[in-house]
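Bear in mind that the values here come from a model prediction, so they are computed numbers and not experimental data. One is the number of the first residue; the rest follow in order along the sequence.
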Amino acid sequence: MNPANLPFDSEAMLEGLRTWVECESPTWDASAVNRMLDIAARDMAIMGATIERIGGRQGFGGVIRARFPHPKQGEPGILIAGHMDTVHPVGTIEKLKWRREGNKCYGPGIYDMKGGNYLSLEAIRQLARASFTTPLPITILFTPDEEVGTPSTRDIIEAEAARNKYVLVPEPGRADNGVTTGRYAIARFNLEATGRPSHAGATLSAGRSAIREMARQILAIDAMTTEDCTFSVGVVHGGQWVNCVATTATGEALSMAKRQADLDRGVERMLALSGTANDVTFKVTRGVTRPVWEPDAGTMALYEKARGIAESLGAKLPHASSGGGSDGNFTGAMGIPTLDGLGVRGGNGHTLEEFIEVDSLVERGRLMAGLLATLE
């Protein structure tokens with residue numbers, strides 16, 4: 001089976017993808033994510049998949065597990081792992097409308113990562129239409145909470161990965177048309193400052209501002225960044241009335257490192273910031289963590305298979321480890337051959353200019369089809 005001969009059609013793929021993109025699905029809106037999962041479940045059911053719905057927890061949406069018909073159903077095969085949540089609140093579609101401009105197509109979540117998820121389905125669809133039976137059975141797992149560190153579904157992902165021989169992750173491709181063969185370790189932290197209230201006009205000096213302490217700590221956290229381990233504060237909330245000295249302020253911080261040992265030291269430094277000074281208490285608690293994923297022989301063999309397919313299609317396929325987490329962190333760290341970054345090319349993820357390169361839908365669709373057709 002030559003994937004170059006499969007009749008992928010970028011316009012038809014865009015038409016199907018548009019329905020997905022215009023169904024907004026921000027992580028914290030479980031109902032919205034479930035509506036997106038409903039659409040994907042229906043599409044896969046039409047393709048002949050057996051659909052299982054797993055209820056959500058911790059306030060997140062649910063999970064869809066789809067198993068496609070295969071003579072070896074139940075044996076270890078290929079897991080395609082993708083998330084359907086995005087960082088864009090409902091209503092973003094009015095600011096980031098679906099639009100096509102030449103080879104670019106825009107929309108919330110189109111790049112991260114609905115485009116990659118959709119082309120994975122199209123690859124399976126094209127193989128089925130060609131009456132081609134893949135050597136291994138295929139399972140798709142779509143999850144609701146990757147953008148916040150996968151707190152509610154990590155156990156499901158790891159359990160499903162353990163039942164399979166390979167994991168393919170259609171997160172966005174690299175700008176150089178590359179794929180991802182490793183990812184940095186990531187830790188999240190919750191920050192809380194607690195001060196002493198007072199009237200900001202009449203008795204200002206009697207208060208102790210939690211906001212001021214949070215601001216001081218933010219600068220200290222940013223200053224901890226080195227080449228080995230980065231630190232940033234991305235969420236801050238504080239105060240309720242402008243005429244009151246703020247009693248509480250909260251925040252969220254992120255740390256990232258190429259090596260687990262560097263992240264572990266970073267975690268120690270963050271937790272050491274906890275304490276009380278000048279009647280203000282600052283508390284750091286550890287949130288969800290993604291382990292470092294360093295490529296092993298199995299992942300590199302999987303990459304070489306993909307590189308060969310890409311070359312047969314006339315494209316180079318470089319690889320590298322990447323910053324930014326994905327659920328590939330978990331499966332790769334488990335030692336299961338994992339290839340990430342198999343999704344669309346594009347850019348400006350997590351912004352109001354998020355886009356994909358339209359021609360990458362077909363190119364990456366063929367690459368995915370080639371992998372599904374040859375992995376054994």
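Transitive grouping of hydrophobic side chains (ILVMFWY, heavy atoms separated by less than 4.5 Å) keeps I157 and L168 in distinct clusters. One hydrophobic cluster, built from ILVMFWY side chains closer than 4.5 Å, holds both V284 and V233. A chain of hydrophobic side-chain contacts below 4.5 Å, direct or via other Ile, Leu, Val, Met, Phe, Trp or Tyr residues, connects L313 to V358. A continuous path of Ile, Leu, Val, Met, Phe, Trp and Tyr side chains, each step under 4.5 Å between heavy atoms, connects M224 with V236, placing both in one hydrophobic cluster. Residues M300 and L367 are members of one and the same hydrophobic cluster, defined by side-chain heavy-atom contacts under 4.5 angstrom among Ile, Leu, Val, Met, Phe, Trp and Tyr.
You'll find the side chain of C105 stays beyond 4.5 Å of the side chain of F355, heavy atoms only. V169 is not listed as a side-chain neighbour of L342, based on a closest heavy-atom distance of 4.5 Å or more. P135 has its side chain out of reach of T374: every pair of non-hydrogen atoms, C-beta onward, lies at least 4.5 Å apart. Counting heavy atoms from C-beta outward, L372 and L127 have side chains that approach closer than 4.5 Å. Inter-residue side-chain proximity for S321 and K258 is flagged as unmet; no heavy-atom pair is nearer than 4.5 Å. Proximity of T226 to F231: side-chain heavy atoms (C-beta onward) are nowhere separated by under 4.5 Å. Annotation: side chain of N348 is not in contact with side chain of Y111 (no heavy-atom distance under 4.5 Å). Put simply, the side chain of V245 does not reach to within 4.5 Å of the side chain of R208, judged on heavy atoms.
Rounded to the nearest 0.5 angstrom, N177 CG and L317 CG are separated by 6.0 Å. M256 contributes atom CE, which lies 9.5 Å from atom SG of C229 (distance to the nearest 0.5 angstrom). Distance check, rounded to the nearest 0.5 Å: OG1 of T285 to CG of L191 gives 7.5 Å. Separation of atoms CD (E158) and CZ (R163) is listed at 12.0 Å; rounding is to 0.5 Å. In this structure, the separation between CG on L361 and CG on D359 is 8.5 Å, given to the nearest 0.5 Å. Atoms CG and CD, on D85 and E147 in that order, are 5.5 Å from each other to the nearest 0.5 Å.
A salt bridge is defined here as a Lys NZ or Arg NE, NH1 or NH2 lying under 4.0 Å from an Asp or Glu carboxylate O, and R67 with E52 meets this definition. Remark: R259 engages D228 in a salt bridge, criterion side-chain N to carboxylate O under 4.0 Å. Using a cutoff of 4.0 Å between basic side-chain nitrogens and carboxylate oxygens, R125 and D43 are not scored as salt-bridged. A salt bridge does not link R18 to E15: none of the charged nitrogens lies less than 4.0 Å from a carboxylate oxygen. Salt bridge annotation for D327-R154: absent, with no cationic side-chain nitrogen under 4.0 angstrom from a carboxylate oxygen. The pair E192-K283 does not meet the salt-bridge criterion, since no charged nitrogen lies less than 4.0 angstrom from a carboxylate oxygen. No salt bridge links R364 with E357; every basic N to acidic carboxylate O contact stays at or beyond 4.0 Å. A salt bridge does not link R174 to D340: none of the charged nitrogens lies less than 4.0 Å from a carboxylate oxygen. Look at R265 and E268 and you find no salt bridge, because none of the NZ, NE, NH1 or NH2 atoms lies under 4.0 Å from a carboxylate O. Look at E376 and K165 and you find no salt bridge, because none of the NZ, NE, NH1 or NH2 atoms lies under 4.0 Å from a carboxylate O.
Without hydrogens or angle criteria, R366 side chain to P3 main chain gives a donor-acceptor distance under 3.5 Å. With hydrogens and angles ignored, the 3.5 Å screen pairs a side-chain donor or acceptor of R57 with a backbone N or O of S152.
No side-chain donor-acceptor contact under 3.5 Å links T250 and H237. For the residue pair K114 / T86, no side-chain donor-acceptor distance below 3.5 Å is found, with atom types taken as modelled. Looking at T338 and T331, their side chains do bring a donor and an acceptor atom within 3.5 Å of each other. Side-chain atoms of T150 and D145 include no donor-acceptor pair closer than 3.5 Å. Counting only N and O atoms by type, the side chains of H70 and E75 include no donor and acceptor under 3.5 Å apart. In summary, the side chains of T180 and S322 do present a donor paired with an acceptor at a separation below 3.5 Å, with no hydrogens or angles considered. S326 and R183 share a side-chain donor-acceptor pair at under 3.5 Å.
Relative orientation of the F142 and W20 rings is perpendicular, given thresholds of 30° and 60° on the angle between their planes.
H83 pairs with exactly one of N117, V63, D112 by the side chain to side chain contact (heavy atoms under 4.5 Å, CB included) rule, that one being D112. The salt bridge (charged side-chain N to carboxylate O under 4.0 Å, His left out) with E101 is formed by just one residue from the set K97, K104, R99; it is R99.
Residue R42 places its CZ atom among 12 or fewer non-hydrogen atoms of other residues, nucleotides or ligands, all under 6.0 Å distant. Surrounding CD of Q58 are more than 12 heavy atoms belonging to other residues, nucleotides or ligands, all under 6.0 Å away.
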**OP:** Go through the steps for V33 and T27 under the test side-chain contact (heavy atoms from CB on, under 4.5 Å), then give the verdict.
**Re:** CA-CA 7 Å; V33 175; T27 310; 5.6 Å; no
Subject >> Worked check of side-chain contact (heavy atoms from CB on, under 4.5 Å) between L141 and L79 >> reply: CA-CA 7 Å; L141 196 69; L79 174 64; 3.9 Å; yes
Original post:
Can you check side-chain contact (heavy atoms from CB on, under 4.5 Å) on F68 and I140, steps first, answer last?
Top reply: CA-CA 8 Å; F68 291 83; I140 286 184; 3.8 Å; yes
Original post:
Hey, mind stepping through L6 and M1 against side-chain contact (heavy atoms from CB on, under 4.5 Å) and telling me if it holds?
Top reply: CA-CA 9 Å; L6 294 174; M1 196 286 301; 4.0 Å; yes
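The distance between the ring centers of W293 and Y184 does not fall below 6.0 angstrom.
In terms of heavy-atom proximity, I51 sits nearest to M44 at CD1-CB, 3.8 Å.
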